[in-house]
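Here is the structure we will look at, set down as structure tokens.
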Number of protein chains: 2
Amino acid sequence: MKKKNIWSMITDAGLKKTKIRMNIIDLLEKSNRLLSAQDIYNNFYEKDDSMNLSTVYRTLEKLVEAKIINKIHLEQETQILYEFNHDEHHHFLICKSCNKITPIYGCPLHDYEKELMKETGFMITSHKIEFYGYCIDCQKNM
Amino acid sequence: MKKKNIWSMITDAGLKKTKIRMNIIDLLEKSNRLLSAQDIYNNFYEKDDSMNLSTVYRTLEKLVEAKIINKIHLEQETQILYEFNHDEHHHFLICKSCNKITPIYGCPLHDYEKELMKETGFMITSHKIEFYGYCIDCQKNM
DNA sequence: CTCAATGCAAACCGTTTGCATGCTC
DNA sequence: GAGCATGCAAACGGTTTGCATTGAG
């Protein structure tokens, strides 16, 4: 994503433009996998960019509030993971063997939720699905 | 549940029969809500039954392994929760206002999983759904 | 008598917080 | 210059572990 676009995401959210925020958004946007705070910290640390774990956590918190990124809490993961928010509803396939996490777009719950709400009176506003199993590669090695 | 049945669940799992295990299974079986290790500890502590948090954790671990109870990791909960295993597939409705957790039986994902497996090649072995929203009582107070 | 179960204290680990300093607006 | 952002160190909170002791089979 262009630098200019990221800057404007930051200012549109009422946040101050700082190099750290810019870099973290950029990293998440380019990443093809979910990243933990520690992953992000390591990434910059390895490049000799000074970075502080607390700052990473505080930055991630702000970016989640601003809906620039999503916070993902998966059952089997000890760490909280983050992804760039592409504004597309999705869930995850999680391989129990290699831990690879694959997003899947599309969602089967729309009608079911309507039905559930009618039955229970509970007002459903969101949901979360995790699928567990084995990815193609791991199936081959089994 | 009868004491005898609980004793046999323990021995069937190859575990030694101890008062603590018996009591924890009994408590979970009688509880109408999910309990954390701390909840369980408190319950006995309040009754002046000596109890140790490490032991609670170790006992819960064993009982989960033995499939006598289920371990439930919910996104918004800081603590891991436990329930007696009634061997009925279910998910949870979670009220964002009062935090009440309501189990719902029945599941809409069966066909969808088949379809997903065909599309992706991923072998799905289990899944987890959490529904978030507002329970009837909290809707009234809104 | 043996090995699993328990109690206690300390460690663990991801995350959060208090406070002093730096930097954006 | 005001107030948000950052760095550092310490705290936090749920959970786990090491080790000595107890107790079930």
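Residue numbers begin at 1 in each chain, while the letters A, B, ... track the order of the sequences.
Here A:T59 reaches the OP1 or OP2 of D:dT6: one of its side-chain N or O atoms lies under 4.0 Å away.
A side-chain donor-acceptor contact under 3.5 Å links B:H89 and B:H127. No side-chain N or O of B:Q79 forms a donor-acceptor pair with one of B:H73 less than 3.5 Å apart. There is no side-chain donor-acceptor pair under 3.5 Å between A:N5 and A:S8.
Here side chain to side chain donor-acceptor pair (under 3.5 Å) pairs that include residues 93-102 of chain B, with residues two or more places apart or in two chains, are A:T125-B:K96, B:Q76-B:N99.
Between the P atom of C:dT16 and the CG atom of A:N52 lies a distance of 14 Å, rounded to the nearest Å. Spacing between atom CG of A:L74 and atom C1' of C:dG14 amounts to 15 Å, rounded to whole angstrom units. As a whole-Å value, the separation of A:E77 CD from D:dG14 P is 21 Å. Rounded to whole Å, the distance from CZ on B:R21 to P on C:dA4 is 11 Å. What separates CE of A:M22 from P of D:dT6 is a distance of 14 Å, to the nearest Å. The distance from atom CG of B:L53 to atom P of C:dT6 is 14 Å, rounded to the nearest whole Å. Taking atom CD on A:E65 and atom P on D:dA5, their separation rounds to 10 Å, with Å as the unit. If you take NZ of A:K62 and P of C:dT15, they are 19 Å apart, rounded to a whole angstrom.
Between A:G14 and B:Q38, it is A:G14 whose nearest contact on DNA chain D lies nearer the 5' terminus.
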### Task
Apply salt bridge (Lys or Arg N to Asp or Glu O under 4.0 Å) to the pair B:D87 and B:K67, showing each step before the final yes or no.
CA-CA 9 Å; B:D87 271 325; B:K67 298 196 194 301; over 6 Å; no
### Query
Between B:E130 and B:K128, does a salt bridge (Lys or Arg N to Asp or Glu O under 4.0 Å) hold up when you go through it step by step?
CA-CA 7 Å; B:E130 294 163 34; B:K128 187 186 160 194; 2.9 Å; yes
### Query
If the sugar-phosphate is the primed atoms plus P, OP1 and OP2 and the base is the rest, what is the B/S/- string for nucleotides 17-25 of chain C, using protein heavy atoms under 4.0 Å?
BB-----BS
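Of the listed nucleotides (C:dT6, C:dA5, D:dT15), D:dT15 has the atom at the smallest distance from the side chain of B:Q79.
Between A:F84 and A:H86, a ring centre-to-centre spacing shorter than 6.0 Å is recorded.
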